[in-house]
Amino acid sequence: MLTVDRAARDIETMRVRGAGRIARHAVQALHDLAASHEGSERALAAELGKAARRLVATRPTAVSLRNAVEEATAPLGGSDGELRPAVLSATRGFLARSVAAVEAISALGARLLDRDGSVLTHCNSACSVGVIAKAREQHDLRAIVTETRPRRQGLLTARQLRERRVPVTFIVDGAVNLVMPDVDWVVVGADSVALNGDVVNKVGTSLVALSAQEHGVPFYVAAETYKVDRRARTGRDVRIEERDPREVADARVLGGARVFNPVFDVTPGPLVRRIITERGIVPPARVGDVLRGPPGRRARAKA
Ligand code: RUB
């Protein structure tokens with residue numbers, strides 16, 4: 001059984017990380033709380049409310065976490081006497097749909113990488129790994145993976161892609177612009193997407209996007225619809241998490257210099273060619289459309 005406290009600590013310490021995984025971890029904890037609860041419905045409601053607040057506070061930028069927890073605890077607003085089964089059903093529904101969404105995104109996104117070539121990715125995103133690995137089943141594709149300072153999530157990406165037999169070249173973040181002339185596509189994930197199509201993802205993503213634009217390389221974002229932040233009109237409305245400076249460097253070796261360690265940054269929508277969601281591939285400015293249900297033909301895009 002996954003306790004709420006354990007799940008919150010896993011997310012805070014980044015033992016569990018990545019926007020999709022933290023959302024599922026939080027929802028699993030809410031599920032287990034409801035499943036093991038033996039008190040009254042009223043007591044369960046109070047505990048779920050407290051747990052939701054604790055879980056959402058663990059990482060402030062990924063709206064996936066807030067959206068998932070809100071969905072899982074939506075039955076709190078319902079009628080008396082049905083809370084436990086309703087929460088169990090909501091949590092199980094979310095867990096199943098979020099896993100299926102990654103698979104759907106992988107299959108849809110792979111269609112964009114429609115020939116042999118090189119694809120660059122930054123950080124570690126299950127959606128991006130899925131897209132690249134799926135495309136590799138069809139074409140002679142190689143991946144260029146950035147290290148992703150300071151937490152080096154690129155090591156995970158390189159390993160996961162190798163496990164799926166994708167040839168990988170691993171580079172330091174500063175080499176992105178140098179290799180970009182040899183890149184055919186960029187695919188990254190997202191922690192939040194604002195309604196205007198601005199994308200919030202691992203710090204450095206916006207620099208990758210600028211480099212891609214400079215070299216005429218299509219820049220794709222692979223993100224489930226629950227990463228769209230209905231409350232964020234633009235990327236500036238999303239709070240950027242700052243983490244412990246010691247993740248970057250020991251202040252003593254810097255002669256006491258102050259370290260600034262923002263974890264995410266905002267890539268403006270106009271730098272994004274398309275957003276790959278489980279409900280279709282959309283231009284960034286139309287990302288709000290996918291929240292209203294499956295897109296029609298017009299919302300689907302070609303590479
Ligand atoms: C992870 C990160 C990922 C997104 C999307 O940052 O920025 O690109 O979360 O990942 P951190 P996914 O390591 O700080 O959590 O596609 O797996 O949801």
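For ligands, and for the atoms within them, numbers begin at 1 and follow the listed sequence. FYI, the numbering just counts along the sequence from 1.
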- Message: Which residues pass the side chain to side chain donor-acceptor pair (under 3.5 Å) test with R15, not counting sequence neighbours?
- Response: D10
- Item | Within the protein, residues bringing a heavy atom under 4.0 Å of ligand 1, chain by chain | M14, R17, G18, A19, G20, R59, C123, N124, S125, A126, C127, Q153, A190, D191, N201, K202, K227, V263, F264
- Task: Flag the pair E147 and R149 as a salt bridge only when some basic side-chain nitrogen lies within less than 4.0 angstrom of an acidic carboxylate oxygen.
- Result: no
- Reference residue W185; test side-chain contact (heavy atoms from CB on, under 4.5 Å); the match among L112, D114, V131, L120: D114
- Task: For Y226, enumerate each residue passing the ring-ring contact (aromatic ring centres under 6.0 Å, His included) test, keeping only those at least two apart in sequence or located in another chain.
- Result: F94
- Say you draw a straight line from OG of S36 to CG of L2; how long is it, rounded to the nearest 0.5 Å? 10.5 Å
- Can you name the residues that form a ring-ring contact (aromatic ring centres under 6.0 Å, His included) with F264, not counting sequence neighbours? none
